[in-house]
**Student:** 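Pasting in a structure now, in structure tokens, and then I'll have a few things to ask.
Residue numbers begin at 1 in each chain, while the letters A, B, ... track the order of the sequences. Only heavy atoms go into these numbers, but all of them, side chains included; no hydrogens, no water, no symmetry mates.
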Number of protein chains: 2
Amino acid sequence: MVRRASSDDGERPATIRDVAAHAGVSVATVSRILSGTYPSAPATRSKVMRAVRELDYVANANARGLAGASSRSVAIIVTSVVSPHYAHVAQGVQTQAALEGKLCIIGTTNGGPERELATVQLMRQEHAECVILVGNVVNDEAYRERMGEYARALAAAGSQLVLCGRPALGPDVPALVIEYDNTGGAYAITSHLLSAGHRRILFLGRRDGYTTPGARVAGYRNALADFHQPHDPGLEVDGKMERSEGYRMIRQRLESGPPDFTAVFAGNDLIAAGARQALREHGLRVPDDISLVGFDDLPSAADIDLTTVHVPHEELGRTAVRLALERRQDKSGMSEHVMLGTHIIVRDSVRPLRGAGQ
Amino acid sequence: MVRRASSDDGERPATIRDVAAHAGVSVATVSRILSGTYPSAPATRSKVMRAVRELDYVANANARGLAGASSRSVAIIVTSVVSPHYAHVAQGVQTQAALEGKLCIIGTTNGGPERELATVQLMRQEHAECVILVGNVVNDEAYRERMGEYARALAAAGSQLVLCGRPALGPDVPALVIEYDNTGGAYAITSHLLSAGHRRILFLGRRDGYTTPGARVAGYRNALADFHQPHDPGLEVDGKMERSEGYRMIRQRLESGPPDFTAVFAGNDLIAAGARQALREHGLRVPDDISLVGFDDLPSAADIDLTTVHVPHEELGRTAVRLALERRQDKSGMSEHVMLGTHIIVRDSVRPLRGAGQ
DNA sequence: CGGCGCTTAGTAAACGTTTGAACATGTGGT
DNA sequence: ACCACATGTTCAAACGTTTACTAAGCGCCG
């Protein structure tokens, strides 16, 4: 049970001064003992700890932050927290942060660059140890300039910008970049389809200018080229990375005639789920009639037996905070770039094409 | 582009003193103008704003918090951020927080009460305006006592405990409770099945002691009673609220003989998804052979055309912060209790039983 | 024309913690 | 006996804001 020394119970919370008085030592001693990082006599130590317990004292993070002790928080900025991709990265960030005794501040932007700016400013106010920006984005000049400013402003404030699954900036920009291999994964899974004899492979979810779909479509094209397949732009369908878009794209394609493809490479698992539904509604079964693969390896991919590319979402988040924190110690200053691997997960959504060999 | 007045560019970030000097006014003036809540001459105002812009000044949240200005953050504690239920509530919290200009601190516990305690302490250190605890929990004496302590400690620190989808405590405990109607929803959807002629309805996911499954099974029983159906405990299957559990429960049931039920009420949509898969693997199709309903109305429920109970996840989160913040103004002090409604969403996973009427 | 109220700006005292430097002790070497 | 030294503790000065109190300028009425 919580007891309180002062007469006015329930009033203002106990300060370090109250603890010091209660234990009969100075505030400096209390501070040092609580920080842990200092020698102290066992007797003093136990006196202080008892006072802390009896007064139910918790340190004031604001005062602590002000007085110089490095802030104990890590910030993550995503477009939305319900999107599985972001949720998993956020989970990784939160896990690693908790492991290091930090807590995690989260902001969402809903995609708007101005909201992103506002959120970065907030995190700057809050003196987060690092600010992790995650996700797909258009990679134009405006973007690079904006990120450069973020990076410099954060570095000046003793913080650190981390780009997670976003394109790197110049080497003179003080940012940490954690990517995963979109192109390699797309290459591998396209090869998987090609090896099974498929030649006409529909790519769903191209989106010019955006980094993630861009890298995936590049892997797709590379694989086709290595199998000496002609590049047919008609097989690349534009669309956003959402379930409803996958449904729409297949729907439109099938309404204009019978399928001119034997396999579908969906830009991510959500698109794959939507595409699968549209295919079924047209009487086409996966994988018997059409083969289907996705990208991301969300838990829901297992539900529909989808062969897909595994993305280490949580590890992405964990690595981001781990590297950011260890880099802060030796403030080497400049850019750093990490690329995490991806690999395909074979389930049951691809069938070899009968009479293969062309 | 960012310019800097001091010669040592990139060193320490600008303080309010720098801004005051740059604008030729006192720090008090700058503080007041930035707070907004004070009369000031337009000329002074624009001078200050220009200095802020030129120095790229952002206030130090720690100093601000220390000096008395109320903290600008809201805390949410969930077991995991990837679980869709929590993710949606978190999204609501984050959205409303952003709307009120606050930012959102998130902690995860992975279910452990000791981690929950540690996280609450962290939030107390951080002086969050309110601490929102969300989710299913065992409702025993230890729990009530623990929550009572949280509530009092937070109240003493000028914060506020909010319980979201958790059972209320005594009226003397200074906590805000936001619930949703589990029992009513379960009653409604069970009635839906009964009205379609189903009599032997399997309930999946009972879990004694836990609040959420408990309330749902209660609604199920109430509906059966109102339709004058005998209570058959053999139709209530124990299991956790996970997809794999849904799969397991159906699997085990069907391995021990042919189905002795015509409909399944899954404790939530995840269980429903797992159950559906197990049913299909046994050659039973939904809804033709077996009717299936769920609970939660996650986006994935639409994917499998599942009739389910809609839970206002996001609104839960939004309401939590809205009420918490407005209650802080008039510190009326004591408990408050809000119950949000649920309603059923009819899709295509239920068929009327042929030859109904028993 | 002097005092009064009103608006606007400045002064300085908090807020609760950390931390470098100083200060007591006791301990061992010479 | 004295000095150097290690150990454990205290003093006091930051850290960057906010805000009650105070002061200055100025128009207005008596």
**Student:** Would you call A/Lys102 and A/Leu325 a side-chain contact if the rule is heavy atoms closer than 4.5 Å?
**Tutor:** yes
**Student:** Are B/His22 and B/Leu55 side-chain neighbours, meaning at least one heavy-atom pair lies under 4.5 Å?
**Tutor:** yes
**Student:** CD1 of A/Ile33 versus P of D/dG8: gap in Å, rounded?
**Tutor:** 11 Å
**Student:** Using a 4.0 Å heavy-atom cut-off to protein, can you give one letter per nucleotide of nucleotides 18-25 of chain D, 5' to 3': B if the base is in contact, S if only the sugar-phosphate is, - if neither?
**Tutor:** BBB-----
**Student:** Under a 4.0 Å N-O cut-off, is there an ion pair linking A/Glu116 with A/Arg146?
**Tutor:** yes
**Student:** Taking all non-hydrogen atoms of both residues into account, name the closest pair between A/Gln94 and A/Cys104 and its distance.
**Tutor:** OE1-CB, 3.4 Å
**Student:** Side-chain contact test, heavy atoms from C-beta onward, threshold under 4.5 Å: evaluate it for B/Arg124 versus A/Asp56 and give yes or no.
**Tutor:** yes
**Student:** List for me each residue that meets side chain to side chain donor-acceptor pair (under 3.5 Å) alongside A/Ser159, sequence neighbours excluded, and say none if there are none.
**Tutor:** none
**Student:** Students should find this one: the first and last nucleotides of DNA chain C, 5' to 3', lying under 4.0 Å from a heavy atom of chain A. What are they?
**Tutor:** C/dG16 to C/dA21
**Student:** Is the count of non-hydrogen atoms from other residues, nucleotides or ligands lying under 6.0 Å from A/Arg115 atom CZ greater than 12?
**Tutor:** yes
**Student:** Within the side chain of B/Arg166, is there an N or O that forms a donor-acceptor pair under 3.5 Å with the backbone of B/Gly135?
**Tutor:** yes
